[in-house]
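Lettering follows sequence order; numbering is per chain, from 1.
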Amino acid sequence: MEKQLLLGDEALAQGAIDAGLSGVYAYPGTPSTEIMEYVQGSKLAAERNIHRKWSANEKTAMEAAIGMSYAGKRAMVCFKHVGLNVAADAFVNAAVTGVNGGLVVVSADDPSMHSSQNEQDSRFYAKFAMIPILEPSNQQEAYDMAYIAFELSEQLNVPIMIRITTRLAHSRADVVRKAMKQQNEVKLPSDPRQFVLLPAIARRNYKKLLLGQAAMELEAEKSPFNQYIEGANKKMGIITTGIAFNYLMENYPDRVCPYPVLKITQYPLPQKLVSKIYNECDELLILEEGAPVVEEMIRGFLNLGKPVHGRLNGLLPRDGELNPNLVAKSLGMSYYEGNAIPEIVKNRPPSLCQGCGHRDVYADLNEALKEYGTGRVFADIGCYTLGALPPFNAINTTVDMGASITMAKGAADAGLVPAVAVIGDSTFTHSGMTGLLDAVLENAPITVIISDNSTTGMTGGQDSSALGKILEICKGIGVDPEHIHVTTPLHKNHEENVALIKKELAYQGVSVIIPQRECIQTFARRKREEKKNA
Amino acid sequence: MKSDIILAGVGGQGILSIAAAIGLAAVKENLYIKQAEVHGMSQRGGDVQSNLRISDKPIASDLIPAGKATLILSVEPMESLRYLPLLSENGWLVTNSTPFNNITDYPSTESIIAEIKKVKNHIIIDADAIAKEAGSSRASNIVMLGAASPFLDMPFESIEDGIRQLFGRKGADVVETNLKALRAGRAYTEKNS
């Protein structure tokens, strides 16, 4: 087949399509978004009627995929690392139910926090759930691993995690495809109670999961993706995981490392291969993108064995992404450092687009809050998080999806009244609705601003589950209709909108204000498409 | 053959179109390619960069190591300086001269130009003006690609083909305008280097 230039995300998507995927379930989140977008744009996926609509959040996505697996078909779930926190209940228990159709969970980590609030390492989750991980080191492996992961899942009777990081997710390279597989037919699990996690059945399933660990390790021992590369100099042995292998090899122009290298891309950690490099070499260097997961295991709590170098002993930074230069330094190699960045170069942080409705929302809110002083705006995850930066300096918290409403309620419970929540439309249906119910049940004195731009903006304008539903949802949850207002955030409405916010700030109960104006980016895109199709 | 290119600019300025055109040319030449992009939060008016690596041998890292870039191609002058630690001793810095000023402490144009001129090999080009002459102010990124093309170690015809492929579905007029922009950029560098 001919070569295609694909992002790591796209390679995963294509590999899954070719592997007989029947459904992909996801919520947008950098750096995972392009997996679903690729499937949505794929003619082949449309022809094969592969499910490819966004879910309301990562938990609903994970559960739908478990349902598809229950029905015998191959399903894939995709989200960013913090999305796995949202899906964690379903994810961990899916290891206990086991699978029927192959089930693959793609978690895209963001070390260095390019677009995230933390850099948690998803491999901890897979270890916690006791399932295998595939961690591709390049785009071709991303394709190949997605291609085999479903079979591996069916064979081992557990979900398989594919863990990638930002640089692979968002880097393009050539990928060669394999032959297309058929989708599975609908077929119920042979044991009708496999997915019933009543304690008695769960205990039985859990023992099966524990017994299955040996088979998972055997697969990793014999996996072609895990490679032991001999090296003449046994003073040091190097274990790499995922893309760290590339940063090592970049430092050897002929791609020959003088030390033995164990390239790990399939877990659980293969004990025989690790023992081999440990026994052969005087010291070990562990290179992994993300947390020192493997390093910690090999080093051990008491660190009584041979010297193990890496992020824990300071040879490499404890946080942030790796790169070829950090790896060179850890090996004592020197390199030309280039010229310094001139002092005149200033930071250029991201900002809300010119013409964005969130700008007007913050201008209105700042004005309305003047009499109360600062420190009482609880915001959420989305473009509007940029309201934390100048010129607005409008928000005081951003923690996780949905935390605006619940944190405002907690602060109001503590006596900080009025407290304001700012949340986007997509984030509201992702995780805001249940928090609003809490607030309604106690009639908490909070003002909730659902800044509705009718899309999932920060990740590039994906469909929002909230579209056209927010007003009815708020009424349904029990917010007093007299305290629900839909407004238009435009400069010409500034006075009117400020007055309305002021009025609701003074109200001692739950109010919801829904400033509604389409995202300037999706608006421009829609106009271009309308012009093209006219 | 080996080109390690930093494409620099501000989110929304179209550096990914440049990367795509070069990528298509590289595929046609049957070369290996790796291209790391920035998606997500920084795209909202922040500084963005793409690491584009092309070689006749397999490429290891998606990121270009310090001091190894053969070319910095920047569509914004201050952004061209942000990646100097990556530029190799004999590498070229090719930048648009039109500032994109969306911050309060943006430095003076003179101070930026003075810093760029300290780089041994540099081309400063008013891509916006040349794009306008070529018929579309939106083609300034393609003017930049043309200006950088002599340093790409690839036949110019392949880059022209890349443009044809990239803009083909937008119609013959758009292809012609962009080819004109590409050639105008190249002519500028040929005259000024």
Checklist entry - Which atom names give the shortest non-hydrogen contact between Pro107(B) and Ile344(A), and what distance separates them? => result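 Residues Pro107(B) and Ile344(A), closest heavy atoms: CG-O, 3.4 Å.
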Next on the checklist: Testing the basics here: between Tyr106(B) and Arg348(A), what is the closest heavy-atom pair and its distance to 0.1 Å?
Outcome noted: CE1-NH2, 3.6 Å
Atom [atom1] of residue position [X] - does it have more than 12 heavy atoms of other residues, nucleotides or ligands inside 6.0 Å?
X         : atom1 : value
Asn118(A) : CG    : yes
Glu530(A) : CD    : yes
Asp254(A) : CG    : yes

Next on the checklist: Please classify the contact of Ser88(B) with chain A as side chain, backbone, both or neither, using a heavy-atom distance under 4.5 Å.
Outcome noted: backbone
Checklist outcome for this item: Applying a strict 4.5 Å limit to non-hydrogen atoms, the region of Tyr32(B) in contact with chain A is both
Does [X] reach the side chain of [Y], with side-chain heavy atoms less than 4.5 Å apart?
X         : Y        : result
Arg255(A) : Lys57(B) : no
Val345(A) : Leu84(B) : no
Asn30(B)  : Lys3(A)  : yes
Glu37(B)  : Glu34(A) : no

Checklist entry - Given Lys34(B) and Asn246(A), is the side-chain contact (heavy atoms from CB on, under 4.5 Å) satisfied, shown in steps? => result CA-CA 12 Å; Lys34(B) 279 203 173 183; Asn246(A) 307 339; 3.9 Å; yes
Part of [X] within contact of chain B (heavy atom distance under 4.5 Å):
X         : answer
Cys356(A) : neither
Tyr336(A) : both
Leu5(A)   : side chain
Gln139(A) : side chain
Leu326(A) : neither
Leu248(A) : neither
Asp174(A) : both

Next on the checklist: Quick check on the interface: out of Arg53(B), Glu115(B), Arg82(B), who has the most heavy-atom pairs with chain A under 4.5 Å?
Outcome noted: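 Ranked by contacts with chain A, first place is Arg82(B).
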Checklist outcome for this item: Pair count under 4.5 Å, heavy atoms only, with chain A: among Leu87(B), Ile112(B), Asn102(B), highest is Asn102(B)
Checklist entry - So which bits of residues 59-72 of chain B come within less than 4.5 Å of chain A, counting non-hydrogen atoms only? => result Ile59(B), Ala60(B), Ser61(B), Asp62(B), Leu63(B), Pro65(B), Ala66(B), Gly67(B)
Leading residue by heavy atom contact count with chain B [cutoff under 4.5 Å; candidates [options]]:
options                         : result
Gly338(A), Cys353(A), Ser171(A) : Ser171(A)
Ala328(A), Pro342(A), Pro391(A) : Pro342(A)
Arg167(A), Met249(A), Gln521(A) : Arg167(A)

Item to check | Point-to-point distance, once rounded to the nearest 0.5 Å, from OG1 of Thr104(B) to NZ of Lys346(A) | outcome: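 Interatomic distance, Thr104(B) OG1 to Lys346(A) NZ, rounded to 0.5 Å: 10.0 Å.
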Distance-only donor-acceptor hits, side chain of residues 137-158 of chain B, under 3.5 Å, sequence neighbours excluded:
residue	atom	partner	partner atom	Å
Asn141(B)	ND2	Gly14(B)	O	3.1
Ser149(B)	OG	Gly146(B)	O	2.6
Ser149(B)	OG	Arg186(B)	NH1	2.9
Ser158(B)	OG	Glu29(B)	OE2	2.4

Item to check | Audit row: Ile33(B), Arg172(A), side-chain contact (heavy atoms from CB on, under 4.5 Å) steps and yes/no | outcome: CA-CA 8 Å; Ile33(B) 176 168; Arg172(A) 262 172 231 285; over 6 Å; no
